[in-house]
There are 2 protein chains.
Amino acid sequence: FDEAAARAARARQAQLTKPPGSLGRLEELAIFLAGWRGTDRPRIDHAQAIVFAGNHGVCAQGVNPFPQAVTGQMVANFQAGGAAINQLCRTAGADLTVIALDVDRPTADFTEGPAMTEAECLDALARGGAAVDPQADLLLLGEMGIGNSTIAAALGHGAFGGAARDWVGPGTGADAARIALKADVVARGVARHGHRPPLSLLAALGGREQAAICGAVLAARLARIPVLLDGFICSAAVAPLAAADPALLDHCLVGHLSGEPGHRALSAALGKRPILDLGMSLGEGTGAALALGVLRGALACHNGMATFAEAGVSGA
Amino acid sequence: FDEAAARAARARQAQLTKPPGSLGRLEELAIFLAGWRGTDRPRIDHAQAIVFAGNHGVCAQGVNPFPQAVTGQMVANFQAGGAAINQLCRTAGADLTVIALDVDRPTADFTEGPAMTEAECLDALARGGAAVDPQADLLLLGEMGIGNSTIAAALGHGAFGGAARDWVGPGTGADAARIALKADVVARGVARHGHRPPLSLLAALGGREQAAICGAVLAARLARIPVLLDGFICSAAVAPLAAADPALLDHCLVGHLSGEPGHRALSAALGKRPILDLGMSLGEGTGAALALGVLRGALACHNGMATFAEAGVSGA
């Protein structure tokens, strides 16, 4: 983070033709992007969106009403341009990369043992990092994986404690009985693996798309590319990084507050304030893609507005 | 509102490749636009944004730290393309119309008498209505007028009651002493004029840009053009319409929850849930222009996504 660039961006904000602070969060976002990109006039010429997809052994417990085949079918839908994320990336101007992580080979059921071996987890981390385009100005992260709201609940519960029932929710459409089942499954998984240190917790409770998201976040950090995380699943995916060191997520924003009930507490635990709150719970990166519009607006104002002096407007 | 078109849009939403309801507010917005535009596949090919500007006699009471000359200077800034609203309209794809309403001839001070005569109010209403392009698919409304957060507080207080201090706030940058002064000014204005029926209240407490906003809202309604109001000032401008008949605002959305403290209660009184909440308080239509990006995303998903059948994706 380049403090000098952030300071220069803040000084520019104070000269633009508006009352100080009146653009609210847009001002903060412009200064944040300036600091991470190392320039007082940051641009988003190339926004990369990555959707990571994976399948989960814990589906054997009946946590999700959809068949696991839907994960691969949705990957095909992403590739054909028919999913929500395709439309929102086109609207917001993001280039979509779809990475299917062995969707025909689900992880193991975490109630019976670790979901991934350490080697499998490291492989997914590396593939996530390798998917990041180092030329991008901004990275949007999303995911697809039948059953992964249960994975997210387990990672949140494992990293931040509380009660299992506070981390579960309807996901793609679980009814009350299935939500109770999810809470039981999550409680059993965390009882088995919750003592592990953060990266081992990621392997034991996570899935390939969660590990890949962590890898992409770390790779983006090295390249000073700010990250726009989607919602509940992405926030939970990086919970092990926060448990290891909260500063690892300093370059990350959360695109939207998910309708999934655990996301409010999870965002607070991560110290993040989601940009949008529209009751969405689809995943895929859809909340991040919508929030990209807000970032574009923030930079359009930051870079395009006239100063008081340029416009001949009187001050207070 | 075309119920059949809304029903058809709702039926389409249920077939798109996503769990039912998972696009949250985006689904509601697509259905709302379908109903008002009378088609199950609404588009926003032409979004018109109008900024109305006016000056206010109540500034003689010292309610605003900026000189009234800033209103005209900002109109020039809008026309030169240097203001925040210019950048956000360009980013979101809206055509900006700027209407200066006799900014060199402020209204009267409402603490001493009616701000406008009925004839002046009707003239501004008519000019607001005439500014609406009947070919627009969507109308965004914004405003500029030094002192008009005091006007807004008076209209909100006059239309919906409560205490004057609950309707005032910092506006463009009032300190605690000036906010207390604003509350006193608003209380005096409402004590003098609060007994009047809604349209007379608009004339007595409002300004030309407030009356023009009401005129534009009514004209859009006749042309079945949905309206995206900006924030606090625009919401207060239409409070007299809500007091006359809340259904007059059925075609209106509120773009964002303003940082101005009175806007939360005002939105609730209007029965509106603002789309964004980003701590903005600039006016000009900036919150509406940012929210246009959300509407564009909602329609991109609605019109562009594949159905379960088209994509070969299994249901639950």
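What you see is a predicted model, and the numbers here were worked out from it, not measured in a lab. Just so we're on the same page: letters track the sequence lines, and every chain starts at 1.
- Counting heavy atoms of neighbouring residues, nucleotides and ligands inside a 6.0 Å radius, atom CZ of A:Arg264 does not exceed 12 of them.
- The two residues B:Gly82 and A:Thr17 make their nearest non-hydrogen contact at O-OG1, 3.6 Å.
- Residue A:Ala69 does not touch chain B at all, counting heavy-atom pairs closer than 4.5 Å.
- Side-chain contact between B:Ile275 and A:Leu278: present, with at least one pair of heavy atoms (C-beta onward) separated by less than 4.5 Å.
- Put simply, SG on B:Cys301 and CZ on A:Arg90 are 9.0 Å apart, with the number rounded to the nearest 0.5 Å.
- At a 4.5 Å heavy-atom cutoff, B:Ala76 makes no contact with chain A through either its backbone or its side chain.
- Of all non-hydrogen atoms in A:Asn77 and B:Ala306, the two that sit nearest each other are OD1-CB, 3.8 Å.
- Residues of residues 44-51 of chain B never come within less than 4.5 angstrom of chain A, heavy atom to heavy atom.
- Here B:Gly297 is the residue among B:Gly293, B:Gly297, B:Gly287, B:Ala298 with the most heavy-atom pairs under 4.5 Å with chain A.
- The choice from B:Leu88, B:Leu299, B:Asp277 that makes the most heavy-atom pairs within less than 4.5 Å of chain A is B:Leu88.
- Under a 3.5 Å cut-off, the side chain of B:Gln73 and the backbone N or O of A:Ala311 do not form any donor-acceptor pair.
- For the set B:Gly279, B:Ala291, B:Ala300, the count of heavy-atom pairs under 4.5 angstrom toward chain A peaks at B:Ala300.
- For the set A:Gly259, A:Ala289, A:Ser281, the entry with the most heavy-atom pairs within less than 4.5 Å of chain B is A:Ser281.
- In terms of heavy atoms, A:Pro19 sits closest to B:Thr172 at CB-O, 3.3 Å.
- Taking A:Val313, A:Thr91, A:Val70 one by one and counting their heavy-atom pairs under 4.5 Å with chain B, the maximum is reached by A:Val313.
- Most heavy-atom pairs under 4.5 Å with chain B: of the set A:Lys18, A:Glu310, A:Met305, A:Arg25, this distinction falls to A:Met305.
- Minimum heavy-atom separation, A:Met280 to B:Leu23: CG-O, 3.4 Å.
- Between A:Leu290 and B:Val294, the shortest heavy-atom distance links the atoms CD2-CA, 4.1 Å.
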